[in-house]
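Take a look at the structure below.
Model, not experiment: these values are computed from the prediction. In what follows, every heavy atom counts, from backbone to side chain, and hydrogens, waters and symmetry copies are set aside.
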Amino acid sequence: MLRVLRNRTYRHLFIAQVVALVGTGLATVALSLLAYDLAGADASAVLGTALAIKMVAYVGIAPLVAAFATRIPRRTLLAGSDLIRTGVALALPFVTQVWQIYVLIFLLQAASAAFTPTFQATIPELLKDERDYTQALTLSRLAYDLESLFSPVLAAGLLSLITYNWLFMGTVFGFLASAAFVVFVVLPKPQPVERTGGPFAAATFGARLFGKAPQLRALLALNLAVAAGGAMVIVNTVVLARDYLQRGAGDTSLALGAFGAGSMAVALLLPRVLTRVGDRTVMLSGAYTLVGGLLTVTATLAAGVFSWPVMLAAWAVLGAATAAVLTPTGRLIRRSVAPADLPAAFAAQFSLSHAAWLLTYPLAGWLASESGMTAAAATLTVIGLTAAVATRILWPARVSPATPRRPRHAPGPRSLRHLHHAHARRRETV
């Protein structure tokens, strides 16, 4: 798998992604503590609002950036986004009002909405070989999972030595290092594209691409399935571990670690699996596995037998299923659109996938609070099942771009030998 890192340009971009993710993880911890300092018991409301602002920025900004991305050098766009995020991180320790958090979070996530789709669209143009690109997608999935495990541990170690405000300096270093790694490589130039229509047409072009291909329409449903499972984990883990199961504070991290471990295990296996099995089979299996994990949680909660081992096992299954759906997404998009349309398509995927999270995040939290955890799990199970069934309907096997087969009229090696011998016999007869 590490063979792809021999490519110097990709290696620089991957390191830039990793250090930026670590910086983001440190900022997440520091932001939680800052919100508690400013709002006390209302810190959860502050963080919930900040999370909603993050999703709104992702949904709204990514398509706008994609509309103008072909006019800006990618290195400039990526490094500029990192510098904006650096400036926000520098300002966060000096915040004294809650509204200032909201403004800075919007700026930070708007810059991330410019960085991430541009990064994702650059990799398939840089790595033309299908095997190399699949390995790059796996490494990217592993980077996200490792960040979710490593950043809290790093933050905990640093907080034993420094105050939380200094964690933002780690974020600053991460974004500056990311910009440095981007600056010192040569990236493929975005292909100029002439499209009809005004700014609105340009901003919605990527979303319209998703309406044209069956497999991309199915990807919208897959995004919803992932968001249903992920919202159950991200929003309700702490409540299930601390209140329902009466576990200690550290067990919340262990449960999230089980989710990350399941995701990493499948991500490591996928490069080999995808050489034998098509993207559709892997992604659809992941969607149904997500439903199975959510159904297990719902049933055990309803029966009153939900336990710590059940939670760890279910979270690992949900993590594995999430990786099965998300890891091949880049391959699917690359095979479904023209090379010149990759920036718009990746920006649309970034925006539309987070629109699904914008639905399931508050739904998971509100239902758990108002109607109980069983109702929340059941509702997310229904959403996941609906999304999985929709995926199967929207993406028939015969249109799968991820399982190329030899055309029926193309003879295989045995047929070629047969034709050669037949031709030789005909010549001898003549």
Side-chain angles (χ1 to χ4, degrees), residues 55 58-60 62-64 66-67 113 116-117 120-121 124 130 133-134 137 193 195-197 200-231 270 274 277-291 294 321-360 363 380-405:
M55 293 299 131
Y58 282 178
V59 172
L64 295 178
T116 303
Q120 292 173 335
E130 185 79 7
Y133 183 50
T134 302
L137 292 174
V193 180
R195 297 191 179 104
T196 58
F200 179 79
T204 58
F205 177 77
R208 285 184 279 121
L209 286 175
F210 275 64
K212 295 178 180 178
Q215 61 272 19
L216 293 184
R217 289 197 295 270
L219 184 56
L220 297 177
L222 288 168
N223 288 335
L224 186 58
V226 168
L270 278 181
L274 288 171
V277 183
D279 291 357
R280 178 183 181 275
T281 301
V282 170
M283 298 174 81
L284 190 57
S285 298
Y288 280 116
T289 304
L290 275 166
V291 175
L294 287 170
T322 297
V325 175
L326 291 182
T327 304
T329 295
R331 288 164 44 106
L332 183 65
I333 293 174
R334 185 170 78 162
R335 292 181 174 192
S336 303
V337 304
D341 294 333
L342 283 174
F346 275 103
Q349 164 62 9
F350 186 82
S351 176
L352 295 170
S353 63
H354 284 91
W357 288 96
L358 188 57
L359 168 67
T360 58
L363 193 61
L380 293 171
T381 301
V382 171
I383 291 174
L385 179 60
T386 303
V389 172
T391 299
R392 191 177 187 87
I393 295 172
L394 292 171
W395 189 3
R398 65 181 181 274
V399 300
S400 173
T403 52
R405 299 173 181 173

Work out which heavy atom in [X] is nearest to a heavy atom in [Y]; give both atom names and the distance.
X: Arg280; Y: Trp395; result: NE-O, 2.6 Å
X: Ala221; Y: Ala387; result: O-CB, 3.2 Å
X: Ala228; Y: Gly384; result: CB-N, 4.1 Å
X: Gly286; Y: Ala324; result: CA-CB, 3.9 Å
X: Ser336; Y: Leu332; result: OG-O, 2.6 Å
X: Val291; Y: Ala388; result: CG2-CB, 4.2 Å

Could you check Leu216 against Val337 for side chain to side chain contact (heavy atoms under 4.5 Å, CB included), going step by step and ending with a plain yes or no?
CA-CA 10 Å; Leu216 293 184; Val337 304; 4.0 Å; yes
Can you tell me how far [atom2] of [Y] sits from [atom1] of [X], rounded to the nearest 0.5 angstrom?
X: Asp279; Y: Leu270; atom1: CG; atom2: CG; value: 9.5 Å
X: Tyr288; Y: Thr391; atom1: OH; atom2: OG1; value: 7.5 Å
X: Leu290; Y: Leu385; atom1: CG; atom2: CG; value: 11.5 Å
X: Leu342; Y: Leu209; atom1: CG; atom2: CG; value: 9.5 Å
X: Leu358; Y: Leu352; atom1: CG; atom2: CG; value: 12.0 Å

Could you tell me whether the side chain of [Y] reaches within less than 4.5 Å of the side chain of [X], counting heavy atoms only?
X: Leu222; Y: Leu219; answer: yes
X: Leu394; Y: Leu220; answer: no
X: Arg331; Y: Met283; answer: no
X: Asn223; Y: Gln349; answer: yes
X: Thr386; Y: Leu224; answer: no

Working for side chain to side chain contact (heavy atoms under 4.5 Å, CB included), residues Trp357 and Val226:
CA-CA 9 Å; Trp357 288 96; Val226 168; 4.1 Å; yes
How about Arg217: does its CZ atom have over 12 heavy atoms from other parts shown lying under 6.0 Å from it?
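Yes, enclosed.
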Keeping Ser351 on the side-chain end and Ala348 on the backbone end, is there a donor-acceptor pair under 3.5 Å?
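No; judged by distance alone, with no hydrogens or angles, the pair does not exist.
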Between Ser353 (side chain only) and Phe350 (backbone N and O only), is there a donor and an acceptor less than 3.5 Å apart?
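Yes, the answer is positive, given that a donor and an acceptor are paired below the 3.5 Å cut-off.
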